[in-house]
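Report on the structure given below.
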Amino acid sequence: MAFYDDIYPFYTLQRTSFIFSGRLLTIILVFLVLAASLLLILPGIRGKSRLFWMFRIIISLFIGVVLVALNFTNDWAEARTITTATYKSFSNAVVNAEIGLHVGLYGINVTLKGNPVIQFNETINYNEMFSWEESIEEEYEEALEKGLPNPILYIAEKFTLSSPCGLIFQYRYSGRYASATLWTAFCCWMVANILFSMPVILYAGYMMMATSAFIFFSMASFSTIMGVPQCVFSIGTDSFETEYSHSFWLALATGVLCAVIGSLVVMFNFMIPEKMKEAFSSGVDSYEDEDTCYGEGYLNSVFLDGVTISPLTSKVVAVSGWQEGNNPYFCHVYPSSK
């Protein structure tokens with residue numbers, strides 16, 4: 001193998017690192033298109049309610065995209081370290097690299113990035129996905145056949161069924177329950193949006209509070225992995241353990257946001273119900289477009305011959321239209337007795 005300068009040709013093509021999840025990109029694009037479509041109706045909304053509807057659309061879609069995206073992110077828990085470790089099997093070559101473990105609800109990502117990236121005339125920048133939706137054992141065997149670097153194989157082996165750590169049982173079941181409760185929260189969010197467009201604002205607030213409750217349930221389910229003895233990952237001379245990461249804290253922030261919105265809606269619905277209905281355009285008719293003016297009116301005497309008329313005051317109601325002389329309004333006369 002001296003012909004390869006101690007770099008074994010396990011890969012026929014140059015490998016590239018993982019850039020961005022296709023699922024997450026699809027989810028974000030779908031919600032962006034939906035947001036753009038809904039924001040197009042804003043010019044047709046007059047007055048101060050335009051700003052209210054804009055914030056309502058943006059906040060609602062933010063909650064929705066977070067609830068869906070959290071199911072497919074791989075950073076609910078993370079662990080990383082920079083160390084010197086053996087690069088490949090049957091080789092004495094060692095590399096200085098940053099090793100990372102990223103845990104999601106459906107699997108893990110193991111990253112290996114050289115420091116520097118180019119070492120031994122090779123680009124060391126890996127991001128390998130191992131999913132436990134079906135069987136992680138098969139993916140681990142495929143990784144062995146590919147000849148992945150030793151640090152990646154070592155971490156992946158910790159999540160197999162034969163590992164004494166038993167991490168697969170802790171993470172797989174907690175991830176499944178967390179995902180199920182997140183989808184339930186997403187259903188509650190959709191029901192809440194439907195109720196907000198109906199004259200039942202109180203129940204919409206209750207559904208927002210239910211959404212926050214299921215988000216907290218998903219966090220509690222995932223947190224059970226921290227309640228069991230942690231398996232220490234030792235690579236080279238360093239070791240590391242997993243800790244909560246971005247997705248976990250994003251779920252917490254979204255749950256708090258839903259709880260605040262639900263609580264405010266319920267509270268204001270009891271304090272100022274009519275204004276709440278008016279704000280959400282439900283149950284209250286608007287007469288803002290009607291202009292009433294009082295002025296002098298004239299009665300046609302031809303139709304009043306022989307009719308005794310009591311003293312009248314004329315109420316003239318302006319109606320939108322065009323009259324001779326380019327007057328944008330003409331007035332109907334409604335007689336009324338004093």
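Worth knowing before you read on, the calculation uses all heavy atoms, side chains too, and leaves out hydrogens, waters and symmetry mates. Residue numbers count from 1 along this sequence.
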Review point. Side chains of Ile152 and Glu128: does their closest heavy-atom pair fall under 4.5 Å?
Key: yes
**Study point:** Closest non-hydrogen atom pair, Ser197 against Arg56
**Key:** N-NH2, 4.0 Å
Review point. Which heavy atom of Ala192 sits nearest a heavy atom of Met208, and at what distance?
Key: CB-SD, 3.7 Å
Check your understanding: Do the ring planes of Trp76 and Phe222 sit parallel (below 30°), tilted (30 to 60°) or perpendicular (above 60°)?
Key -> tilted
Practice item. Say whether, by atom type as modelled, one donor and one acceptor occur between the side chain of Glu137 and the main chain of Leu161 under 3.5 angstrom. Key: yes
Review point. Donor-acceptor pair, Glu243 side chain versus Glu78 backbone, under 3.5 Å?
Key: no
Study note, to complete from the structure: Heavy-atom closest pair (Leu195 atom, Ile201 atom, distance to 0.1 Å) is O-CD1, 4.4 Å
Check your understanding: Taking a hydrophobic cluster as the set of Ile, Leu, Val, Met, Phe, Trp and Tyr residues connected by side-chain heavy atoms closer than 4.5 Å, whether directly or through intermediates, do Phe248 and Phe62 fall within one such cluster?
Key -> yes
**Study point:** Met209 and Val266: CA distance, side-chain angles, deciding distance, side-chain contact (heavy atoms from CB on, under 4.5 Å) verdict
**Key:** CA-CA 9 Å; Met209 296 175 69; Val266 172; 4.1 Å; yes
**Study point:** Ser60 side-chain N/O to Ile57 backbone N/O, donor-acceptor pair under 3.5 Å
**Key:** no
Practice item. Please round to the nearest 0.5 Å and tell me the distance separating atom CG of Leu153 and atom CG of Leu148. Key: 5.5 Å
Point to revise | Trace of the side-chain hydrogen bond (donor to acceptor under 3.5 Å, both in side chains) decision for Tyr173 with Thr224 | key: CA-CA 10 Å; Tyr173 292 112; Thr224 57; over 6 Å; no
Point to revise | Contact check, side chains of Phe233 and Leu167, non-hydrogen atoms, under 4.5 Å | key: yes
Practice item. With side-chain hydrogen bond (donor to acceptor under 3.5 Å, both in side chains) as the test, would you mind laying out the steps for Glu122 and Tyr87 before giving the verdict? Key: CA-CA 11 Å; Glu122 182 179 351; Tyr87 183 41; 2.9 Å; yes
**Study point:** Heavy-atom neighbours of Lys158 NZ exceed 12 at 6.0 Å
**Key:** yes
Study note, to complete from the structure: To the nearest 0.5 Å, atom SG of Cys188 lies from atom CG of Asn193 at 11.5 Å
Review point. Are Phe214 and Met190 grouped together when hydrophobic residues (ILVMFWY) are joined by side-chain heavy atoms under 4.5 angstrom apart?
Key: no
Point to revise | Any Thr242 side-chain heavy atom under 4.5 Å of Leu101 side chain | key: yes
Check your understanding: Ignoring hydrogens and geometry, is there a side-chain-to-backbone donor-acceptor pair from Tyr154 to Ser234 under 3.5 Å?
Key -> yes
Exercise for review: Step through the shown structure and confirm whether more than 12 heavy atoms of other residues, nucleotides or ligands are within 6.0 Å of CZ on Phe217.
Suggested key: no
Practice item. Mind listing the closest non-hydrogen atom pair of Ala69 and Ile27 along with its distance? Key: CA-CD1, 4.2 Å
Practice item. Answer whether the closest heavy-atom distance between the side chains of Tyr206 and Val265 falls below 4.5 Å. Key: no
**Study point:** Expected output: side-chain Ser263 to main-chain Val260 donor-acceptor under 3.5 Å
**Key:** no
Check your understanding: Counting only heavy atoms not in Glu157, do more than 12 sit closer than 6.0 Å to its CD atom?
Key -> yes
Point to revise | Interatomic spacing from OG in Ser247 to CG in Leu105 - rounded to 0.5 Å | key: 8.0 Å
Exercise for review: Answer whether the closest heavy-atom distance between the side chains of Leu252 and Phe216 falls below 4.5 Å.
Suggested key: yes
**Study point:** Interatomic distance, Trp132 atom CH2 to Arg172 atom CZ [nearest 0.5 angstrom]
**Key:** 9.5 Å
**Study point:** side-chain contact (heavy atoms from CB on, under 4.5 Å) between Cys258 and Ile63, worked out
**Key:** CA-CA 8 Å; Cys258 292; Ile63 295 173; 3.7 Å; yes
**Study point:** Short side-chain donor-acceptor distance under 3.5 Å, Asn71 and Ser179
**Key:** yes
Review point. Between Ile168 and Thr160, does a side-chain contact (heavy atoms from CB on, under 4.5 Å) hold up when you go through it step by step?
Key: CA-CA 6 Å; Ile168 182 63; Thr160 58; over 6 Å; no
**Study point:** Shortest non-hydrogen contact from Tyr244 toward Met226
**Key:** OH-CG, 3.2 Å
**Study point:** Shared hydrophobic cluster, Ile124 / Met129 (ILVMFWY, side-chain heavy atoms < 4.5 Å)
**Key:** no
Check your understanding: With hydrophobic residues grouped by side-chain heavy-atom distances under 4.5 Å, do Leu34 and Phe55 end up in a single group?
Key -> yes
Review point. NE2/His102 to OG1/Thr73 distance, rounded to the nearest 0.5 angstrom?
Key: 12.0 Å
Exercise for review: Indicate yes or no: at least one non-hydrogen side-chain atom of Leu67 is less than 4.5 angstrom from one of Thr211.
Suggested key: yes
Check your understanding: Hey, does Leu61 have a side-chain heavy atom less than 4.5 Å from the side chain of Leu38?
Key -> yes
Check your understanding: Is Thr111 reaching over with its side chain to a backbone N or O of Ile99, donor-acceptor style, under 3.5 angstrom?
Key -> no
Check your understanding: When the ring centroid of Phe159 is compared with that of Tyr171, is the distance short of 6.0 Å?
Key -> yes
Study note, to complete from the structure: What one should report as the nearest heavy-atom pair of Ala97 and Leu112 is CB-CD1, 3.6 Å
Point to revise | Tyr177 OH: over 12 foreign heavy atoms closer than 6.0 Å | key: no
Exercise for review: Specify whether Phe186 and Trp183 have parallel, tilted or perpendicular ring planes, treating 30° as the upper limit for parallel and 60° as the lower limit for perpendicular.
Suggested key: perpendicular
Review point. Passes side-chain contact (heavy atoms from CB on, under 4.5 Å), Val68 versus Phe31? Steps please.
Key: CA-CA 10 Å; Val68 177; Phe31 276 87; 4.3 Å; yes
Revision key, fill the gap. To the nearest 0.5 Å, atom CG of Asn96 lies from atom OG1 of Thr83 at 7.5 Å
Review point. What about Leu40 and Ile59, same hydrophobic cluster or not, with Ile/Leu/Val/Met/Phe/Trp/Tyr joined at side-chain heavy-atom distances under 4.5 Å?
Key: no
